[in-house]
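To start, the structure itself, in structure tokens.
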Amino acid sequence: MAEARLFHWEYQAPPVPLETIRIDGGRPLRGEVRISGSKNAALKLLAAATLTGERCRFTNVPEIADVALMAEVLRDLGVVVDHPEPSVYEVSAGDVDWLFVPLEAAAKMRASFILLGPLLARFGRVIISNPGGDRIGRRPVDLHVEAMEALGATVGYRNGYYFAQAPGRLRGGDVVFPHVTVMGTENAMLAATLADGHTTIRPAAREPEVDDLISFLQDMGAEVQRTAPDVIEVEGRRRLRGATHDTVADRIEAGTFAVAAAITGGEVTLKGAPSAHLGAFLDVLGAVGVELAGDSDRITVKGAPLGSGAYTATHVETAAYPGLATDLQPPTAVLLTQARGQSHVHETIYEDRLEWLTDLRSMGARLKVEDAHHATISGPAPLHGSEVTMGDLRAGASLILAALAAQGPSTISGVHHVRRGYEDIERKLLDLGAGIEPEPGP
Ligand code: EPU
């Protein structure tokens with residue numbers, strides 16, 4: 001990682017090579033794909049390992065750029081992070097000597113802010129960069145900071161950095177959020193595991209990745225429980241021990257591949273898909289008319305032939321879990337381009353997550369972005385290949401989906417965005433019969 005500079009205004013993001021892929025669309029995808037471990041669980045599990053000096057071992061960790069970056073951020077702190085074999089990480093935070101998370105880490109990955117809670121709780125202080133906003137909205141961290149203050153920390157803000165302190169020990173308290181926040185819940189919970197006394201967090205996020213983190217913390221000896229659907233209670237401990245954990249499967253990756261099958265008129269079995277975590281999304285697929293079969297860890301998605309107009313328009317609205325995941329809204333929008341009638345998309349979590357729909361329109365979709373939170377999509381509209389650039393992770397994956405369903409070739413640049421969160425996406429699509437190849441450089 002580049003040497004840390006203190007001032008945010010001095011920072012210039014290093015240039016990222018603009019990798020491009022070419023997709024020849026219109027081929028039905030067929031076969032089986034194995035769903036990887038969840039990005040949004042793995043990042044928090046790795047951070048949680050800093051709560052103890054003992055060794056922690058994680059399996060089913062996705063091989064994605066964000067995980068590699070989290071490992072690098074931890075190593076910069078003095079944490080030993082081993083990667084003995086694919087999908088396995090071992091973390092030993094016995095000698096943490098540098099309680100500073102620089103802008104270089106935060107600018108690349110908002111999830112680096114999850115280190116606030118565990119480092120503060122274990123070492124009593126941390127300086128951590130404000131991750132700022134990104135392409136899908138402002139995404140402030142005020143609720144994380146307020147949660148630390150509710151646990152007795154003092155947090156100052158200077159030059160883009162939070163200076164958090166809790167001399168002695170954090171103390172248990174009531175953390176009350178004005179609305180659900182996933183990482184806010186996780187940061188509060190991680191901090192509370194080592195605080196003095198009892199903490200109640202409400203409304204606590206109900207996402208399956210939060211429960212995966214709870215089960216790891218329990219194995220570390222933490223006294224943490226979900227005592228009601230949206231309440232988490234923690235009785236702080238003086239120290240935690242090392243533990244091993246198998247990362248929960250990635251429901252967002254599963255949903256993305258489900259749309260790939262549906263939109264190309266193919267038939268794909270998602271092996272290891274966490275069906276129980278996909279309820280709201282599978283309901284949308286059902287309402288649209290996508291054929292589904294399977295059991296608890298296997299879903300077979302059978303699409304209607306491309307251009308048959310067999311799908312039906314519907315209304316979708318994103319919400320905190322157990323509602324429809326905002327991260328599956330972009331893939332769902334691609335599917336709705338092929339549904340007969342007018343569909344409505346209501347994005348309730350982020351204010352900029354519909355902007356990418358203009359790229360989808362350039363591929364032939366008939367849609368209108370009404371305002372920051374609402375869009376209408378009319379279908380079925382045949383998609384055609386185009387030259388497009390990814391702007392973020394989920395929109396990037398959705399451009400790939402649109403290109404798979406489009407007639408003719410597409411070139412998509414900015415592929416580093418999907419590498420952040422989808423393990424081996426090109427190989428997995430190739431194995432299902434997609435026409436996808438790297439575009440030779442200039
Ligand atoms: N918010 C605040 N203040 C805060 C924290 C959040 O106003 O201090 C707002 C956000 O701006 C947003 C809403 O609260 O409007 C909910 O955000 P949340 O805190 O739940 O999001 P997050 O924890 O930062 C995680 C995932 C996101 C996913 C959201 C919602 C990780 C690393 N990221 O973000 O995943 O969209 O929950 O489910 O867990 C992705 O994987 O592509 C991704 C963006």
Side-chain angles (χ1 to χ4, degrees), residues 36-48 62 64-67 69-70 73 105-106 108-117 128 130-150 155 157 162 175-190 201 203-213 230 247-248 250-256 277 280-281 318-331 347-354 356 372-373 390-398 417-423:
S36 301
S38 157
K39 165 177 88 80
N40 289 344
L43 295 174
K44 321 318 169 37
L45 292 165
L46 292 171
I64 53 176
D66 272 11
V67 162
L69 184 63
M70 181 59 91
V73 173
K108 285 191 198 149
M109 185 176 65
R110 177 180 163 83
S112 60
F113 208 70
I114 197 64
L115 287 164
L116 170 66
I128 186 164
N130 185 348
D134 63 17
R135 296 278 306 236
I136 56 176
R138 290 177 302 114
R139 304 187 74 191
V141 287
D142 53 325
L143 303 178
H144 300 236
V145 171
E146 285 167 21
M148 297 308 126
E149 288 169 344
V155 186
Y157 186 66
Y162 290 96
V175 176
V176 181
F177 292 118
H179 58 78
V180 174
T181 157
V182 175
M183 274 217 295
T185 299
E186 292 166 332
N187 240 335
M189 180 168 82
L190 291 170
I201 303 168
R206 296 167 65 179
E207 271 64 8
E209 295 76 24
V210 178
D211 285 297
D212 201 44
L213 186 57
D230 65 349
T247 313
V248 69
D250 196 318
R251 62 197 166 102
I252 309 300
E253 188 200 22
T256 305
H277 302 159
F281 174 72
T318 61
Y321 192 83
L324 178 67
T326 171
D327 296 343
L328 283 173
Q329 174 264 109
E347 168 58 54
T348 69
I349 309 287
Y350 295 120
E351 54 283 335
D352 293 341
R353 218 175 208 177
L354 298 175
W356 81 282
H373 294 282
M390 296 181 181
D392 71 66
L393 169 62
R394 305 301 173 191
S398 302
H417 285 292
V418 283
R419 299 210 201 296
R420 286 188 45 206
Y422 288 89
E423 181 174 86

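Everything numeric in this text was worked out from a predicted model, so none of it was measured. Counting starts at 1 for both ligands and their atoms, in listed order.
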(request) For Arg353, counting its heavy atoms only, list the atoms of ligand 1 lying under 4.0 Å from any of them. (result) 36 (O), 42 (O), 44 (C)
(message) Quick test of your reading of the structure: of Val141, Asp142, Val180, whose heavy atom lies closest to atom 3 (N) of ligand 1?
(response) Asp142
(message) Show the atoms of ligand 1 that are less than 4.0 angstrom away from any heavy atom in Ile349.
(response) 12 (C), 15 (O), 16 (C)
(request) Take Tyr422 and Asp250 through the side chain to side chain donor-acceptor pair (under 3.5 Å) test and state the conclusion after the steps. (result) CA-CA 9 Å; Tyr422 288 89; Asp250 196 318; over 6 Å; no
(request) Calculate, to the nearest 0.5 Å, the distance between atoms CD1 and CE belonging to Ile114 and Met109 respectively. (result) 10.5 Å
(message) Only heavy atoms of Leu393, strictly under 4.0 Å: list the atoms of ligand 1 that pass.
(response) 42 (O)
(request) Check each atom of ligand 1 against the heavy atoms of Leu143 and keep those under 4.0 Å away; list them by number with element. (result) 2 (C), 3 (N), 4 (C), 8 (O)
(request) Within a distance under 4.0 Å of any heavy atom of Pro140, pick out the atoms of ligand 1 and give their elements. (result) 2 (C), 3 (N), 4 (C), 5 (C), 6 (C), 7 (O), 8 (O), 11 (O)
(request) Select the closest option to atom 32 (C) of ligand 1 among Asn40, Thr326, Asn187, judged by heavy-atom distance. (result) Asn40
(request) Counting heavy atoms only, name the option from Ile252, Thr185, Val182 that's nearest to atom 38 (O) of ligand 1. (result) Val182
(request) Between Tyr350 and ligand 1, find which residue part has any heavy-atom pair under 4.0 Å and reply side chain, backbone, both or neither. (result) side chain
(message) As an exercise, identify every atom of ligand 1 less than 4.0 angstrom from a heavy atom of Lys39.
(response) 40 (C), 41 (O)
(request) Any chance you could lay out the side-chain contact (heavy atoms from CB on, under 4.5 Å) test for Thr256 and Leu328, step after step, and finish with the verdict? (result) CA-CA 7 Å; Thr256 305; Leu328 283 173; 4.3 Å; yes
(request) Quick one: pull up CG in Leu393 and NZ in Lys39 and give me the separation to the nearest 0.5 Å. (result) 5.5 Å
(message) Please give me the minimum heavy-atom distance between Leu213 and Leu45, naming the atom from each residue.
(response) CD1-CD2, 4.0 Å
(request) Measure His144 to ligand 1 on non-hydrogen atoms and call it side chain, backbone, both or neither using the 4.0 Å cut-off. (result) both
(request) Could you list which atoms of ligand 1 come closer than 4.0 Å to a heavy atom of Met183? (result) 23 (O), 24 (O)
(request) Among Glu207, His277, Arg206, find the residue that satisfies the side-chain contact (heavy atoms from CB on, under 4.5 Å) test when tested with Pro322. (result) Arg206
(message) Within ligand 1, which atoms have a heavy atom of Lys44 less than 4.0 Å away?
(response) 31 (C), 32 (C), 39 (O)
(message) Any salt bridge linking Glu347 with Arg353? Criterion: basic side-chain nitrogen under 4.0 Å from a carboxylate oxygen.
(response) no
(message) How close do Asn40 and Arg394 get, counting heavy atoms only, and between which atoms?
(response) ND2-NH2, 4.4 Å
(request) Look at ligand 1 and say whether His179 reaches it with a heavy atom at a distance under 4.0 Å. (result) yes
(message) Checking the N or O distance criterion of under 3.5 Å, is ligand 1 in contact with Asp327?
(response) yes
(request) To the nearest 0.5 Å, tell me how far Asp211 CG sits from Glu209 CD. (result) 9.0 Å
(message) One pair to check against side-chain contact (heavy atoms from CB on, under 4.5 Å): Phe177 and Val175. What are the steps and the verdict?
(response) CA-CA 6 Å; Phe177 292 118; Val175 176; 3.6 Å; yes
